[in-house]
There are 2 protein chains.
Amino acid sequence: MSKKHVQKTAPPAPEAVAITEAEWDIMELLWEKSPRTSQEIATLLEEGRGWKRATVVTLLARLTAKGALATEPQGNRFLYTPAVVRSACVEDETRSFLDRMFGGALQPLVAHVAEHHSLTKKDIAELKALLDQIKPNS
Amino acid sequence: MSKKHVQKTAPPAPEAVAITEAEWDIMELLWEKSPRTSQEIATLLEEGRGWKRATVVTLLARLTAKGALATEPQGNRFLYTPAVVRSACVEDETRSFLDRMFGGALQPLVAHVAEHHSLTKKDIAELKALLDQIKPNS
DNA sequence: TGCTCATGTTTACAACTGTAAGCAATAACG
DNA sequence: CGTTATTGCTTACAGTTGTAAACATGAGCA
């Protein structure tokens, strides 16, 4: 095998990797559609965020290194695919956010949002409907 | 005035400062009760977090420098008081979190939490009650 | 087969963060 | 008044993050 395509990945697929702010932009694109080439992603983010190709490639490498992305060689390049599921990542962020800000509970968050973002009647109705659909855990 | 107590504060009181993870621990203590001396805070966080006094003092200085804390000299020390209100900080975090994770809307978050944290019947009831109390914005 | 282009790798670097030691000055105590 | 204990200030340092240039190498075209 060539000397180049070595792309160090994290051995076991850790089901929870920390994804930074900038990295999220890349993950979102791949969660939305994958696999993609670095070029595809770079093009999208050059426009959308003004990033240089090099920046995108660095982030891809970091994400791969920490096991958030899986790569499949294709010629002299890679196809990138998420190796972690979005909802699990969202889950982690949500948990840590709720813990830090609201003692881990949902109610105080909803109360806060209600107070500060002024929910519309429609929002409230939707939330109620949503709650009705939930099958309680106990 | 002595040469020592200089404590650079941020000139205008910016109503929104970025507070880091570690800094939150300090702010929480001061929001809960203020003013406090550095000693008080250090003692609490030495036990609670295993931080050294120096660490606490550094963080106090950083918070003061960015205008999150106000200081009042008292003898050879300071009394520290929050210069930003908690709910405003929570607000910023919440907004940015909701934007990043859920497109800024509350519903998807609630849906997510319902699915992943399994709300109890009681939780759901509480949330509904909460929603009933909210006076819609429109 | 030689050259160019695309693509990953290495290196860089500044800002921010967590964590803290060491120093200086002042208050407090004897 | 001298010694000690407090307390803030300065400096430090490694790890993370955002951002990217430079480089090497393999692929594809001429």
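This one's a predicted model, so the numbers in the text were calculated from it and none came from an experiment. A, B, ... follow the sequence lines: proteins, then strands. Residue 1 opens every chain.
- For C/dT19, its base sits under 3.5 Å from the side chain of B/Arg62 at one donor and acceptor pair at least.
- For the pair A/Phe78 CZ and C/dA6 P, the computed distance is 18 Å after rounding to whole Å.
- Within the structure, ring pair (Phe, Tyr, Trp, His ring centres under 6.0 Å) pairs that include any residue of residues 20-49 of chain B comprise B/Trp24-B/Trp31 (at least two apart or interchain).
- Atom pair A/Lys52:NZ and D/dA20:C1' shows a separation of 9 Å (rounding to whole Å applied).
- No engagement by B/Thr37 is indicated, since no non-hydrogen atom pair under 4.0 Å with the nucleic acid exists.
- The CG atom of A/Leu59 sits 15 Å away from the P atom of D/dT16 (whole-angstrom rounding).
- Using a 4.0 Å heavy-atom cutoff across all strands shown, B/Thr55 reaches at least one base atom of the nucleic acid.
- Salt-bridge check for B/Asp99 with B/Arg95: passed, with a basic side-chain N closer than 4.0 Å to an acidic carboxylate O.
- Rounded to whole angstrom, the span from the CG atom of B/Leu60 across to the P atom of D/dT10 amounts to 15 Å.
- Looking only at distances, no side-chain donor or acceptor of B/Arg53 sits under 3.5 Å from a matching main-chain atom of B/Gln39.
- A donor and an acceptor atom never sit less than 3.5 Å apart when one is taken from the side chain of A/Arg49 and the other from the base of D/dG18.
- No N or O donor and acceptor, one from the side chain of A/Arg77 and one from the base of D/dG26, sit under 3.5 Å apart.
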